[in-house]
Amino acid sequence: MKKTNIIFSFLSLLIFACSPLSLFAKGAYPFNMPDVNLPVIPDYTVVIGAFGGVGDGVTLNTEAFSKAMKHLAEKGGGKLVVPSGIWLTGPIQFENCTELHVERGALVLFTTDFEAYPVVSTVYEGNAAQKKMAPLWAYEKHDVAITGPGTFDAQGQAWRPSKKGKFTESQWKALTSGKGVEMKGVWYPDAKDDNLAGKPGNPDMRRVTQRPVLLEFTSCKRVLLQDATFSNSPAWNTHPLKCEDVTIDRVTIRNPWYAQNGDGLDLESCNRVIIRNSTFDVGDDAICIKSGKNKEGRDWKMPCQNVIIEGCTVLHGHGGFVIGSEMSSGARNIYVNNCLFNGTDTGLRLKSTRGRGGVVENIYVENINMVDIKGDAFTFDLYYANKPVAGKADEDTSTKDAVPPVTEETPCFRNLFISNITCQGAQRAIYFNGLPEMPLDNLQLKNSMFVCEKGAELQYAKNILFDNVRIVNSKGERLVKKYVDNMIEK
């Protein structure tokens, strides 16, 4: 009997150790992190070729993917395997309990035919929008997964405008030598006669305003993205929106460095999320937390919460780890650990502005290494997209009432705990710019070192602790403070 109990206990421990969630031991985080449930996929497998799919890079496989997904739905779910090849297709719509597995050597290449993507109601930059359906699309589904070492390419170059100022002269010449049109220093890759303006030679502006993200899963439960590469999106790359139980593991997310709105991962109003061991190389913010914009976002009442981000590398982007600026439903209980930001414009980037509202709190960031940061290693700015006037208010505020009252439109950031940050090379170490009516409140920065050109600048902040913080700056003062209350340095 004792031997049986020992065997049972050993098997139980073995099962737990082999679980994808076993790396995250209970009690290992500074808040009570609930379990993140993985999707349950039935043990039934089909191959895309069985539904007429041809991986020759020429045959359009939209119908084959649709037939395969519908077949899996009829069977109660299962796995659809995409073998090595180039699989040209329109959007792929997921069903409940389905897994899309792309094998090594498989490239799912999404067509540049604008009409292949129906217009759908969605959310973009925190508000309702009419956009083209994402190439990878799921709406109100449960138990959905994308796995395998293959690649998805959305051919974003056919959709995105490009700004001349981002290119060298030779790069711009090469870009503009193909099909398209230049207007006011912006290159539009599509120039059709049937555009909305009705004038030949003008760009079809629908390709700009209706650009889809590469992956959009909305109001889904139990989502897994594992091992695959998601690349070259027309806009944001991956956008889980209002989802529960999301696991993102060992993925690669890429957009060109010059990509307009080329975010990597925009996690918006999701609950219970693990993001680990993934690589980002993108044209805008890399790992970004969002929760809606202004009144529409506040009315969601869906904060982005209970999020673990560990072991990730960011090679390019406006920000390595970012919160905002669309955070009107708030964000809380977020833990970021053991990440590398190499060559990003900013390292840690928290941003919002008046009108957003929302509370961002209980944010924990530790063990972050940064190198070759183009701007600030750590920036916090509540004047995002607005210019402060005389250090008091933005340009929309009257001089008579320079400091507006606190309302539901006032963003609030508080209880931020940052430790073990090492930055070798930045233009500026730290920039805090709160609001006079709502200063940054209770930020603790410990055991960190910044080697940079400029030091730290703090404005409109209170209850700030710098404990064993070294700033080695080559220009100006180490620390400049304005309207900072109760700051302690140890």
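- Side-chain contact between Ser278 and Thr252 is absent, with no heavy atoms from C-beta onward closer than 4.5 Å.
- With hydrogens and angles left out, the side-chain atoms of Glu453 and Asn473 include no donor and acceptor closer than 3.5 Å.
- For Phe380 and Phe413, the ring centers are positioned less than 6.0 Å apart.
- The two residues Pro212 and Pro234 have their closest heavy-atom pair at O-CB, 3.4 Å.
- The pair Glu361-Arg414 counts as a salt bridge, with a side-chain nitrogen and a carboxylate oxygen less than 4.0 angstrom apart.
- In plain terms, the two heavy atoms of Gly434 and Tyr383 that are nearest each other are O-CE1, 3.4 Å.
- Counted within 6.0 Å of OH on Tyr139, heavy atoms from surrounding residues, nucleotides or ligands total 12 or fewer; the atom is thus considered open.
- For the pair Arg354 and Glu437, the salt-bridge criterion is met [side-chain N within less than 4.0 Å of a carboxylate O].
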- Given side chain to side chain donor-acceptor pair (under 3.5 Å), test Glu310 with Asn277 step by step and report yes or no. CA-CA 6 Å; Glu310 291 194 308; Asn277 302 331; over 6 Å; no
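- Around CZ of Arg160, the count of heavy atoms belonging to other residues, nucleotides or ligands within 6.0 Å exceeds 12.
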- Task: Just do the side chain to side chain donor-acceptor pair (under 3.5 Å) check on Asn367 and Asn338 with the steps written out, would you?
- Result: CA-CA 5 Å; Asn367 304 317; Asn338 191 27; over 6 Å; no
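- Checking side-chain atoms of Glu296 against main-chain N and O of Ala128 turns up a donor-acceptor pair under 3.5 Å.
- When side chains are defined from C-beta on, Phe450 does not count as touching Val472, because their heavy atoms never get closer than 4.5 Å.
- Heavy atoms from other residues, nucleotides or ligands lying under 6.0 Å from NZ of Lys374 number more than 12.
- Interatomic distance, CD1 of Ile289 versus CG of Asp266, reported as 9.0 Å (0.5 Å rounding).
- Of the possible donor and acceptor atoms, none in the side chain of Thr346 sits under 3.5 Å from a partner among the backbone N and O of Gly319.
- Heavy atoms only, all atoms of each residue included: Arg104 and Ser84 are closest at O-CB, 3.7 Å.
- For Phe217 and Phe94, the ring centers sit closer than 6.0 Å to each other.
- Between His71 and Tyr44, the distance separating the two ring centers is shorter than 6.0 angstrom.
- Using a 3.5 Å distance cut-off with no hydrogens or angles, the side chains of Arg211 and Asn261 do pair a donor with an acceptor.
- Counting heavy atoms from C-beta outward, Arg332 and Val360 have side chains that stay 4.5 Å or more apart.
- Remark: the Gln459 side chain and the Asn433 side chain contain an N/O donor-acceptor pair separated by less than 3.5 Å.
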- Does the side chain to side chain donor-acceptor pair (under 3.5 Å) test come out yes or no for Asn420 and Glu366, once each step is laid out? CA-CA 5 Å; Asn420 299 317; Glu366 63 182 7; 4.8 Å; no
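- Rounding to the nearest 0.5 Å gives a distance of 13.5 Å between CZ of Arg276 and SG of Cys339.
- Between Trp159 and Phe110, a ring centre-to-centre spacing not shorter than 6.0 Å is recorded.
- The minimum heavy-atom distance linking Val123 with Leu241 is given by the pair CB-CD2, 3.7 Å.
- Side-chain contact, Asn333 with Gln305: no donor N or O sits under 3.5 Å from an acceptor N or O.
- Ionic pairing of Asp381 and Lys351 is not present here: no N-O contact between side-chain nitrogen and carboxylate oxygen is shorter than 4.0 angstrom.
- The shortest heavy-atom contact between Ile421 and Val365 is CD1-CG1, 4.4 Å.
- For the atom pair Lys79 NZ and Leu72 CG, the distance stands at 11.5 Å (nearest 0.5 Å).
- Arg428 and Asp376 are joined by a salt bridge, as a carboxylate oxygen and a charged side-chain nitrogen come within less than 4.0 angstrom of each other.
- Inspection of the Ser325 and Arg356 side chains reveals an N or O donor paired with an N or O acceptor under 3.5 Å.
- Note on Arg254 versus Asp281: no salt bridge recorded, every NZ/NE/NH1/NH2 to OD/OE distance being 4.0 Å or above.
- At least one donor-acceptor pair closer than 3.5 Å links the side chain of His316 to the backbone N or O of Val282.
- One side chain, Glu216 or Thr122, offers a donor N or O that lies under 3.5 Å from an acceptor on the other.
- Side-chain contact between Ser231 and Phe152: absent, with no pair of heavy atoms (C-beta onward) separated by less than 4.5 Å.
- Checking side-chain atoms of Ser219 against main-chain N and O of Glu140 turns up no donor-acceptor pair under 3.5 Å.
- Here the side chains of Ile146 and Phe230 are in contact, with some heavy-atom distance below 4.5 Å.
- In this structure, CG in Leu214 is found 5.0 Å from OG in Ser233, a value given to the nearest 0.5 Å.
- Crowding of Lys221 atom NZ: a count of heavy atoms from other residues, nucleotides or ligands under 6.0 Å not exceeding 12.
- Checked against a 6.0 Å centroid threshold, the rings of Trp236 and Tyr124 count as neighbours.
- When the shell of 6.0 Å around CZ of Arg478 is examined, it contains more than 12 heavy atoms from other residues, nucleotides or ligands.
- Inspection of the Asn442 and Asn463 side chains reveals no N or O donor paired with an N or O acceptor under 3.5 Å.
- Atom NE2 of residue His239 and atom CG of residue Leu136 lie 14.5 Å apart, to the nearest 0.5 angstrom.
- A donor-acceptor pair shorter than 3.5 Å can be found between the side chains of His318 and Asp345.
- At least one donor-acceptor pair under 3.5 Å links the side chain of Asp153 to the backbone N or O of Gln155.
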- Item | Thr247 vs Val223, side-chain contact (heavy atoms from CB on, under 4.5 Å): CA-CA, chis, key distance, verdict | CA-CA 6 Å; Thr247 301; Val223 173; over 6 Å; no
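- Annotation: the span from Leu443 atom CG to Ile430 atom CD1 amounts to 8.5 Å, rounded to 0.5 Å.
- Summarising the local packing, NZ of Lys454 is surrounded by 12 or fewer heavy atoms from other residues, nucleotides or ligands at distances under 6.0 Å.
- Both the sub-6.0 Å distance and the 45° axial angle are not jointly satisfied by Lys166 relative to the ring of Tyr258.
- The side-chain heavy atoms of Thr147 and Leu100, taken from C-beta on, include no pair separated by under 4.5 Å.
- A donor-acceptor pair under 3.5 Å is formed between the side chain of Asp143 and the backbone N or O of Val40.
- Residues Val307 and Leu267 form a side-chain contact, since some pair of their non-hydrogen atoms from C-beta on lies under 4.5 Å apart.
- Taking the six-membered ring where the residue is Trp, Phe378 and Phe432 present perpendicular rings, their angle passing 60° and hence far from 30°.
- Residues Lys141 and Glu95 are paired through a salt bridge, judged by an N-O separation under 4.0 Å between the basic side chain and the carboxylate.
- With Asn127 contributing its side chain and Lys293 its backbone, the two residues share a donor-acceptor pair below 3.5 Å.
- Nearest heavy-atom pair across Lys301 and Ser329 is N-OG, 3.2 Å.
- Aromatic ring centres of Tyr29 and Tyr335: separated by under 6.0 Å.
- In this structure, the side chain of Asp245 engages the main chain of Asn37 through a donor-acceptor pair within 3.5 Å.
- The shortest distance between side-chain heavy atoms of Pro303 and Ser269 does not fall below 4.5 Å.
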